[in-house]
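Presented below is the structure to which this report refers.
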Amino acid sequence: MPKKIENVGCPYCGVCCDDLVVTVSDDGKKILEVENACAIGNQIFHHATGSERVKLPRLRQPDGTYKDISYDEAVDYAAKVLYNAKKPLIYGFGSTNCEGMAAAAKVAEKAGAVLDNCASICHGSSFLAIFDNGYPSCTLGETKNRADVIVYWGANPAHAHPRHMSRYSIFPRGFFTGKGHKGRKIIVVDPRHTDTAQVADIYLQVQQGHDYELFDAFRAVVRGHEIPEVVAGIKREQILEVAEIMKKARFGTIFYGMGLCHSDGRNHNVDIAISLTRDLNDYAKWTIMAMRGHYNITGPGAVWSWQYGFPYCLDLTKKDIAHMNPGETSSIDLAMRDEVDAFVNIGTDAGAHFPIEAVKHLRKHPWITIDPNICMASEISDLHIPVGIVGVEVPGIVYRMDNVPIQYRKVIDPPEGVISDEELFERIHKRLCELEAEEAAKGHAKAAPEGVRVGE
Ligand code: SF4
């Protein structure tokens with residue numbers, strides 16, 4: 001009899017839907033059906049048992065082809081690369097569990113590496129703004145149960161977080177929001193008339209790269225000052241109308257995305273969005289939330305902040321003290337300045353998503369990819385180590401976009417012999433400790449005075 005497994009978490013986007021129902025075959029090896037997931041989430045599960053899964057580590061040969069090797073050999077290779085590098089970079093982590101992140105941090109610390117996650121090219125600018133200006137946020141449950149005004153600013157959840165609107169922000173009927181969609185005002189700010197804009201009550205077509213001015217205008221109006229007739233392509237009347245709706249809200253949430261983090265101003269766009277949220281709290285209850293991308297990209301921020309005090313761009317090369325300075329210790333900057341001499345790509349695809357110049361610099365040095373699937377990063381690697389898929393084959397803790405931790409379940413076994421990220425990093429750590437001990441022993445032997453045998 002096929003078995004239905006309930007309350008399954010989706011390992012794709014930061015909405016972290018945990019209401020999936022997955023039907024697996026009698027032998028527990030095949031996924032037959034996935035209920036409640038969007039098209040993207042559905043695909044993640046069905047892809048897991050596809051015939052193209054890699055089941056053994058693959059080492060690149062001099063002729064460019066790959067040769068299957070054992071996990072022990074792969075662990076030894078990875079540990080030696082990290083041990084011999086002066087400044088290795090271990091980057092990614094959007095798509096793994098917190099247990100894997102903690103184990104990787106042990107490796108980074110032992111290797112004296114730079115440890116960074118995808119925030120570096122995503123919501124890292126949010127972190128910079130939050131360091132400066134705080135984070136008046138809430139949980140998604142509070143938005144669902146209380147919010148009567150929702151703003152999506154520079155975010156397109158209809159495509160990027162497909163169930164965000166139906167689970168938390170627009171359509172659900174919550175405790176104080178029994179009318180669902182009808183009881184909420186939806187405002188979308190975006191240069192493009194996106195599919196999210198289609199469901200908005202008010203759409204503001206801001207000029208691309210002029211979000212800062214528009215926030216500035218809203219702040220001026222909320223504080224009772226005059227503004228010009230048109231700001232960032234938006235007419236004064238419309239700004240006054242939206243500001244009035246915001247001031248009269250019972251509970252509002254601004255959800256923002258790459259439209260702020262990747263456009264002119266970056267962290268300053270987020271900084272002023274936070275300032276507007278604070279200003280609005282003089283009149284109504286307002287909150288703000290970053291639309292975090294991967295299902296557990298909030299995880300490394302939580303895990304490493306607890307371990308080292310910093311969420312990303314962690315320079316552990318001094319070994320006894322962590323240092324963080326995005327711009328100096330961020331992955332792209334390090335790559336472009338050719339400052340790292342080994343690269344580990346884990347739970348991401350830097351081959352596809354880094355600028356090509358950064359990839360070219362990184363590719364001059366040993367490149368190891370740790371990923372369940374074949375991707376661009378795996379295809380340009382010296383070594384590709386396959387691992388189990390978190391949320392499908394490996395259980396673990398993940399952090400939703402609102403910093404709420406969720407325990408993900410495992411629904412099927414990984415392909416025979418394939419291990420988890422956590423186990424892999426634990427094994428690399430053990431091998432690094434052995435290499436260190438071997439070198440120390442050699443060093444000791446070398447330093448011993450003539451005629452004295454080591455150990456005497
Ligand atoms: S919205 Fe995101 S978390 Fe939910 S099912 Fe779709 S991809 Fe998965």
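We number each residue from 1, following the sequence as shown. Everything numeric here is computed off the predicted structure, so don't read it as measured data. Numbering of ligands and ligand atoms starts at 1, following listing order.
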So with a 6.0 Å cut-off around CE of Met376, is the heavy-atom count from everything else above 12?
->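 No - once you tally the heavy atoms of other residues, nucleotides and ligands closer than 6.0 Å, there are 12 at most.
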Classify the angle between the aromatic ring planes of Phe354 and Tyr91 as parallel (below 30°), tilted (30 to 60°) or perpendicular (above 60°).
->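 Phe354 vs Tyr91 ring planes: tilted.
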Would you call the rings of Phe215 and Trp153 parallel, tilted or perpendicular, where under 30° means parallel and over 60° means perpendicular?
-> parallel
For the residue pair Phe255 and Tyr152, is the inter-centroid distance of their aromatic rings smaller than 6.0 Å?
->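 Yes, they do, as the ring centres are separated by less than 6.0 Å.
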Is it true that Arg409 and Glu393 make a salt bridge, defined as a side-chain N closer than 4.0 Å to a carboxylate O?
-> no
Just wondering, do Leu276 and Val222 contact through their side chains at under 4.5 Å, heavy atoms?
-> yes
Count of N, O or S atoms belonging to protein, less than 2.8 Å from atom 4 (Fe) of ligand 1 | 1
